[in-house]
J.: 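I'd like to ask some things about the structure below.
Not measured: the values here are computed from a predicted model.
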Amino acid sequence: MNLSKNRKMKPFSSVCPKTGKVINGDQRCRRFILFAGLTSLIWVLIRVLPKPSRAAYPCMKVAAPLASGFIAYLAGLAVAVAAFRKARLRWFQARYALSALCIAAGLLAGLWTMTRMDQPAGAGTAADPFPANTPVGTPVGIYPGRVVWVYDGNATNDHCDPDNYGHGWFMAENNDQAFIDKMVTGALQSISGQASPGAAWDALFRFHNEKAGKGKAGYQTGEKIMIKTNCTSSWGGNINTNDLSVVNNAYYGISETSPQLVLSVLRQLVKTAGVAEKDIFVGDPIRHVYKHCHDLWHAEFPDVNYLDHDYGAEKSRVQTVASASPQIFYSDRGSVLGSSVQSDRLYTVYTDAAYLINLPTLKGHGYAGVTMFAKNHFGSHTRSDASHLHKGLVATQNQGQANRPGYGLYRVQVDLMGHPLLGQKNLLYLLDALWTSDNEIDEPDRWQMAPFNDGWTSSIFMSLDPVAIESVGYDFLKAEFTGKGGKSSFPQMEGADDYLHQAATSSLWPAGLNYDPDNDGTPISSLGVHEHWNNAADKSYSRNLGTGQGIELIQLIPGTAVEAERPAAAGARAFALLPSYPNPFNGSTSIRYHLTTPAFVELRVYTSQGRKIRTLVHEERSAGTYAVTWDGTDETGMPMASGLYLVRLETGNGATRYVDSRKMTYSK
């Protein structure tokens with residue numbers, strides 16, 4: 001991509017109306033920093049001294065670095081002044097060597113102080129102000145803040161070689177469509193709390209329309225739906241324009257939206273939700289549609305509109321059309337992106353569609369650190385490429401070199417997430433993690449972290465909260481791609497999650513900037529909840545732990561699946577696994593389950609990684625409600641470590657089989 005070089009700006013200057021002295025930009029910056037530091041110090045002292053718990057407030061986490069920097073500046077200045085005074089005294093005492101040491105100390109202290117002063121204004125705080133399990137923002141969803149993660153190694157071919165031309169990861173031989181369909185069904189039911197896919201879709205439409213101010217209405221016949229895919233490598237020169245197929249080149253097999261996952265969504269929309277094929281649009285409108293994708297989808301759904309930037313009906317595709325006027329207005333108003341990048345036109349399909357399903361791929365990114373839903377809209381404007389938006393990212397020129405690190409800077413992703421035609425039209429967020437990569441233009445990578453264990457990620461994520469699901473994706477990427485094993489460390493760039501902080505709360509926006517991407521005079525409100533998990537092993541968020549109202553990560557993994565919806569009362573189903581109590585617990589907990597008919601019962605305890613450690617029940621039981629105590633030990637009576645555990649109930653009667661799991665937190 002062609003990126004314009006950063007140019008050094010001449011320092012602005014003006015004349016003081018009172019003294020007539022010339023005041024340059026550096027002087028103004030220093031005066032502003034001193035004022036901001038003093039004000040922040042006073043604010044912290046007033047707020048935190050009476051009530052120390054306020055130190056965890058977002059405003060305190062923003063003010064604290066400025067206050068500490070001001071204190072450090074004063075300390076350095078004091079050391080420098082004291083050192084020069086000592087030097088003067090020792091000089092008059094003819095103790096020249098000691099005087100020279102004092103001068104050196106003073107110079108070093110002064111240099112350090114000036115270095116602190118020369119930090120550019122608005123450079124952002126250096127450290128992430130939100131440690132693990134500290135949610136910020138307003139959670140969204142039928143179950144607020146819920147993110148569903150479905151992992152099934154059967155969905156992908158473990159023996160796939162992404163570099164083997166003609167046998168790419170995206171081909172049918174490397175994807176089991178039946179398992180992928182099942183994963184989508186499970187995620188839909190879990191995210192909506194419904195027992196069937198049809199009821200799940202109806203719940204999603206009603207939730208979305210009510211949130212959008214259209215009443216609690218379901219899908220209406222004729223309403224259009226767009227599925228926004230990620231197909232970044234299909235630009236001119238990287239495809240065969242005769243048949244729009246992938247050709248043997250350096251970009252073969254880039255990790256992008258899986259065609260099989262798109263097919264699953266099409267099946268759900270047409271066969272379950274009742275959406276007419278002619279009312280569905282699929283594609284990455286800034287690019288082309290690969291032949292292998294088109295052929296797979298078109299064979300089953302010939303009347304769906306397959307979007308293509310250049311090719312129309314003669315290729316069984318619908319050519320995209322640009323809007324007549326700009327529709328997105330970047331909130332920096334040219335101060336970061338540049339005076340020529342204050343707005344963009346979008347494609348008319350975004351106006352025509354009543355609903356949007358954003359379907360990107362989970363990947364690291366050399367300029368943004370990570371790429372998911374927000375970054376996927378870099379393909380929604382109508383320019384030839386997205387290089388004009390790179391100045392709003394963490395790294396603007398060279399991959400992995402964060403020249404805009406830290407927190408509290410303008411991030412263009414927030415505008416994309418908050419725009420009425422982009423983020424706010426999303427019916428649901430579906431993140432493709434079947435085949436993922438450390439780099440936006442690289443083939444899929446095997447992952448080392450559990451439960452992947454040197455295998456493909458074979459996962460999908462689903463949510464109604466755009467900030468929560470990107471926060472979970474960020475945690476996965478940062479935990480895996482650390483620079484080891486020949487993989488990049490792009491997600492480690494400082495501030496890669498800054499856009500998530502700002503999408504969650506306006507209290508972390510840059511001073512003087514309001515995110516108003518449609519330029520209607522009304523800044524966006526919180527788009528969702530942001531939080532980091534406790535650790536990469538447990539992958540638990542505040543709702544999982546019962547410590548806060550942040551993210552809830554539901555893990556649907558073979559052997560440890562967690563059912564999203566439970567009956568309000570035990571009699572609502574033939575079988576039910578009820579909440580354990582107490583939870584969290586530090587001695588023992590009571591696990592309850594209900595049977596309306598006699599059945600064979602298996603009740604087991606697993607680690608969060610799926611390893612069975614204790615069988616509590618393995619026998620026939622009559623109808624009734626039961627309580628079983630677990631004391632935190634394994635089969636041999638050895639005590640387990642503190643952490644997250646799963647209790648799993650398997651039972652059934654005749655044709656009915658019931659499997660459910662619940663999480664328990666053991667804290668010694």
Side-chain angles (χ1 to χ4, degrees), residues 4 6 9 58-59 62 120-125 129 136-138 140 323 325-347 350-351 356 358 365 367-383 385-396 402-426 466-467 470-471 495-530:
S4 59
N6 284 342
M9 301 295 293
C59 59
V62 173
T125 58
V136 59
T138 305
V140 179
S323 62
S325 59
Q327 292 179 304
I328 183 169
F329 302 86
Y330 302 111
S331 299
D332 71 304
R333 302 299 187 251
S335 64
V336 175
L337 300 181
S339 58
S340 63
V341 190
Q342 297 194 43
S343 63
D344 267 327
R345 294 187 296 166
L346 302 175
Y347 293 98
Y350 288 105
T351 302
L356 177 66
N358 199 342
H365 195 280
Y367 298 95
V370 297
T371 173
M372 288 170 278
F373 299 93
K375 184 67 173 58
N376 197 28
H377 281 305
F378 271 40
S380 296
H381 62 81
T382 61
R383 303 198 193 201
D385 61 48
S387 59
H388 65 296
L389 300 180
H390 280 203
K391 289 183 179 180
L393 301 176
V394 180
T396 66
N403 58 323
R404 295 186 73 241
Y407 296 87
L409 301 179
Y410 169 71
R411 304 297 182 190
V412 68
Q413 299 102 309
V414 183
D415 276 330
L416 299 171
M417 295 174 73
H419 194 276
L421 297 180
L422 303 177
Q424 294 186 28
K425 274 200 176 183
N426 268 274
V467 183
E470 293 224 18
S471 298
D497 59 339
D498 186 26
Y499 74 100
L500 296 174
H501 296 180
Q502 298 185 47
T505 174
S506 60
S507 67
L508 298 178
W509 292 358
L513 184 144
N514 287 319
Y515 285 100
D516 178 19
D518 60 340
N519 200 27
D520 68 348
T522 303
I524 64 174
S525 57
S526 173
L527 301 177
V529 65
H530 168 67

J.: Could you tell me the separation between the OG atom of Ser380 and the CG atom of Leu416, rounded to the nearest 0.5 Å?
T.: 7.5 Å
J.: Identify, with sequence neighbours excluded, every residue that meets side-chain hydrogen bond (donor to acceptor under 3.5 Å, both in side chains) alongside Ser506.
T.: none
J.: Verify side-chain contact (heavy atoms from CB on, under 4.5 Å) between Val529 and Val467, making sure each step is shown before the conclusion.
T.: CA-CA 6 Å; Val529 65; Val467 183; 5.9 Å; no
J.: Would you confirm whether Asp344, through its side chain, and Arg383, through its main-chain N or O, come within 3.5 Å as a donor-acceptor pair?
T.: no
J.: Taking all non-hydrogen atoms of both residues, which atom of Ala496 and which atom of Gly369 are closest, and how far apart?
T.: CB-CA, 4.2 Å
J.: Which residues pass the side chain to side chain contact (heavy atoms under 4.5 Å, CB included) test with Val140, not counting sequence neighbours?
T.: Phe207, Lys211, Asp465
J.: If you compare all heavy atoms of Gly392 against all heavy atoms of Arg404, which two are closest, and at what distance to 0.1 Å?
T.: C-NH1, 3.4 Å
J.: For Ser323, what residues pass the side-chain hydrogen bond (donor to acceptor under 3.5 Å, both in side chains) criterion, not counting sequence neighbours?
T.: Gln327
J.: Distance-only, no hydrogens or angles: does the Thr371 side chain make a donor-acceptor pair with backbone N or O of His365 under 3.5 Å?
T.: no
J.: Could you state the interatomic distance from CG (Leu508) to OH (Tyr407), rounded to the nearest 0.5 Å?
T.: 11.0 Å
J.: Applying side-chain contact (heavy atoms from CB on, under 4.5 Å) to His530 and Tyr499, what does each step give before you reach the verdict?
T.: CA-CA 10 Å; His530 168 67; Tyr499 74 100; over 6 Å; no
J.: Any side chain to side chain donor-acceptor pair (under 3.5 Å) involving residues 410-422? Give me the pairs, sequence neighbours left out, ordered by first then second residue.
T.: Ser331-Asp415, Tyr410-Asp415, Arg411-Asp498
J.: Using only atom types and a distance under 3.5 Å, with no angle test, would you say the side chain of Asp332 pairs donor to acceptor with the backbone of Ser335?
T.: yes
J.: Indicate the atoms forming the closest heavy-atom contact of Asp516 with Gly521, along with that distance.
T.: OD2-N, 2.9 Å
J.: For Thr382, check side chain to side chain contact (heavy atoms under 4.5 Å, CB included) against everything at least two apart and list the hits.
T.: Ala322, Arg345, Tyr347
J.: Give the minimum heavy-atom separation between Gly418 and Ile524, together with the two atoms involved.
T.: O-CG2, 3.8 Å
J.: Is there a side-chain contact between His377 and Ile328 in this structure, where contact means two heavy atoms from C-beta onward sitting under 4.5 Å apart?
T.: no
J.: Could you check if a side-chain atom of Tyr330 sits within less than 4.5 angstrom of a side-chain atom of Val412, using non-hydrogen atoms only?
T.: yes
J.: By side chain to side chain contact (heavy atoms under 4.5 Å, CB included), which residues pair with Ser343, not counting sequence neighbours?
T.: Pro326, Phe329
J.: Tell me if a side-chain donor or acceptor on Asn403 pairs with a main-chain N or O of Thr396 at a distance below 3.5 Å.
T.: yes
J.: Measuring only between side-chain heavy atoms, which start at C-beta, is Pro517 closer than 4.5 Å to Met417?
T.: no
J.: With Asp518, which residues qualify under salt bridge (charged side-chain N to carboxylate O under 4.0 Å, His left out), at least two apart?
T.: none
J.: Without swapping roles, check the side chain of Asp497 against the backbone of His501 for a donor-acceptor pair under 3.5 Å.
T.: no
J.: Tell me the closest heavy-atom pair linking Leu527 and Val414, and the distance in Å.
T.: CD1-O, 4.5 Å
J.: Name the orientation class of the two ring planes belonging to Tyr515 and Trp509 (parallel below 30°, tilted from 30 to 60°, perpendicular beyond 60°).
T.: perpendicular
J.: Would you please name every residue forming a side-chain hydrogen bond (donor to acceptor under 3.5 Å, both in side chains) with Asn519, sequence neighbours left out?
T.: Arg333
J.: What's the shortest heavy-atom distance between Pro420 and Lys425, and which atoms?
T.: O-CG, 3.3 Å
J.: State the CG-CG distance between Leu393 and Leu409, to the nearest 0.5 angstrom.
T.: 11.5 Å
J.: Could you list the residues that satisfy side-chain hydrogen bond (donor to acceptor under 3.5 Å, both in side chains) with His381, not counting sequence neighbours?
T.: none
J.: My understanding is that only residues two or more places apart in sequence, or in another chain, count here; which of them pass ring-ring contact (aromatic ring centres under 6.0 Å, His included) with Phe373?
T.: Tyr429
